[in-house]
Amino acid sequence: MARALRAGEITSVALTQAHLDRIASVDADVHAFLFVDIQGALAQAAATDAKRAAGERLSPLAGVPLALKDVMTQKGVPTTAGSKILEGWRPPYDSTVVANLRANDIVIMGKTNMDEFAMGSSTENSAFGPTHNPWDLSRIPGGSGGGSSAALAAFEAPLAIGTDTGGSIRQPAAVTGTVGVKPTYGAVSRFGLIAFSSSLDQAGPCARNVLDAALLHEAIAGYDARDSTSINAPVPQVVTAAKSGDVKGLKIGVVKELNGDGYQSGVRTRFEESLELLAKAGAEIIEVSAPNFEYALAAYYLIAPSECSSNLARFDAMRYGLRVGDSEGASAESVMKLTREAGFGREVKRRIILGTYALSSGYYDAYYGSAQKVRTLITQDFDKAFQKCDVMVSPTCPTTAFTIGEKSDDPIAMYLNDIATIPVNMAGIGGMSLPAGLAPEDGLPVGFQIMAPAMADERMYLVGAALEAALLTKWGAPLLSKIPELSGR
Ligand code: GLN
């Protein structure tokens, strides 16, 4: 698309309109979007076309449309983070990610559906109803960023933004047959990202192939003084890596603990096959062990709720969105209580309660303190393993997309989806998921995860590009070579 725009074969207005038309025709079934900014998108597209016509030098993705996860503020555009408590709120400022997208003339078409405040693995926790997986509308598109990944798989958008606290970019990518990257913590600014768990949250690119993800990665990454954890170093050359895909002599460590009996057989088949392809491409495959990964999930479900209980205290009915019970003589406390009771969903309340408990005096050391120690042990596991290999790999998820409703009453079953993605967030390193084919038993997409040391994000793109090229040769076409039929329409 970017090439056609540069060659003058198509305008950004026409390209954007084509995607808006696609959204109009399929999104009633997919429900990837919470808000479509038709006027804003077409205005941005027209402005980009005008710049191009005037001969301005434009960025590589200029004029290409994108879908934005509804957890990112965009000035004047409704931003809910999937929650009723923010319904109707229009942020007075742009997040840095949005500012960077605008600076690159990437056209923002609208806001995508997500689990409330990014808590979930299926997008069923959205206050505005679930998103449906374009491969099979009765199934979940993953979460929390299910809207962004479903928009890509349904060809409603060629690019999207996600955020990943414990897997919310990679797990949706895996179950929709798309690519998702969680960059090194601090690579992309969190300014304007509505906080869930600040020490884990990271925004990243979602796309239909590795090179597209790399182009978007370079557009959104970079130092930002408004995020105190932003990395003040040059953005890694991920586009160069994605174009090279040369893995000769590279050491790939298969994580022993993330490849066991708990994984669906078709997931394991595709994973093993991908390892063979990478070996054929010249990489050396070794096994590495990370004994403390076993505790990652438990520690995550103390750290993330603890941070969320603090972050979500700001939704107090005084400054944003919803306000309930504001009658003559009502106390501020009762308004806060009634608003939070009405505005937050079940999972968010569960996490606030868990986190408040874990942080309470007398329990702080036993829960939060211990979880932080586990976090250090996980980081040390990665450090040790990365002395033996350049990247680590695993299946992204234990299973393919499950059915809507299947796990919604069982929080632990839901949490277990992220067993392979959470260690990356705990250590603050980078992780990518890319499609490894379809599981033979159900015909649904399987994700392959690549993990790279902090500030070595380019390695994920190197290996991802190599595997993608090998799979393309094998299949003869990309996984998403034709528009899904959207069964049920
Ligand atoms: N599924 C995980 C959770 O519910 C991760 C979510 C995320 O990455 N935002 O917390």
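Residue numbers start at 1 and run along the sequence shown. For ligands, and for the atoms within them, numbers begin at 1 and follow the listed sequence.
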Subject >> Proximal ligand 1 atoms for Gly120, defined as those under 4.0 Å from one of its heavy atoms >> reply: 1 (N), 2 (C), 3 (C), 4 (O), 6 (C)

Original post:
Taking only heavy atoms of Met119, which atoms of ligand 1 are found under 4.0 Å from at least one of them?
Top reply: 4 (O)

Subject >> ligand 1 atoms in contact with Ala118 (distance to a heavy atom under 4.0 Å) >> reply: 6 (C), 7 (C), 9 (N)

Original post:
Below 4.5 Å, heavy atoms only, C-beta onward: do Val188 and Val97 meet side chain to side chain?
Top reply: yes

Original post:
Among protein heavy atoms, which sits nearest to atom 2 (C) of ligand 1, and what does the distance come to when rounded to 0.1 Å?
Top reply: Asp418 OD2, 3.1 Å

Subject >> Option from Thr73, Val77, Val98 for which side chain to side chain contact (heavy atoms under 4.5 Å, CB included) with Pro91 holds >> reply: Thr73

**OP:** Determine whether the side chain, the backbone, both or neither of Ser144 has a heavy atom under 4.0 Å from any heavy atom of ligand 1.
**Re:** side chain

Original post:
Would Arg351 count as a contact of ligand 1 if the rule is a heavy atom under 4.0 Å away?
Top reply: yes

Subject >> Phe402 six-ring face occupied by Lys407 cation (under 6.0 Å, within 45°) >> reply: yes

**OP:** Answer with side chain, backbone, both or neither: which part of Arg170 has a heavy atom less than 4.0 angstrom from an atom of ligand 1?
**Re:** neither

Original post:
Does any N or O in the side chain of Arg319 come within less than 3.5 Å of the main-chain N or O of Asp316, such that one atom is a donor and the other an acceptor?
Top reply: no

**OP:** Report the residue from Asn113, Thr112, Thr163 that forms a side chain to side chain donor-acceptor pair (under 3.5 Å) with Lys69.
**Re:** Thr163

**OP:** Answer side chain, backbone, both or neither: which part of Tyr300 comes under 4.0 Å from ligand 1, heavy atoms only.
**Re:** side chain

Subject >> Validation row, ring centre Phe117 to ring centre Phe315 under 6.0 Å >> reply: yes

Subject >> Ring-face cation contact, Tyr295 with Arg375, 6.0 Å cut, 45° max >> reply: no

Original post:
ligand 1 versus Tyr301, non-hydrogen atoms closer than 4.0 Å: side chain, backbone, both, neither?
Top reply: side chain

**OP:** Determine whether Met318 and Met336 make a side-chain contact, defined as any pair of heavy atoms from C-beta on separated by less than 4.5 Å.
**Re:** yes

**OP:** Heavy-atom distances under 4.0 Å are what count here, so tell me which part of Thr165 touches ligand 1: side chain, backbone, both or neither.
**Re:** both

**OP:** Measure from the ring center of Tyr263 to the ring center of Phe271 and say whether it is less than 6.0 Å.
**Re:** no

Original post:
Against heavy atoms of Gly166, which atoms of ligand 1 measure under 4.0 Å?
Top reply: 5 (C), 7 (C), 8 (O)

Original post:
Among Ser197, Pro172, Ser168, which residue places a heavy atom closest to atom 9 (N) of ligand 1?
Top reply: Ser168

Subject >> Check: Gly167 N/O within less than 3.5 Å of ligand 1 N/O >> reply: yes

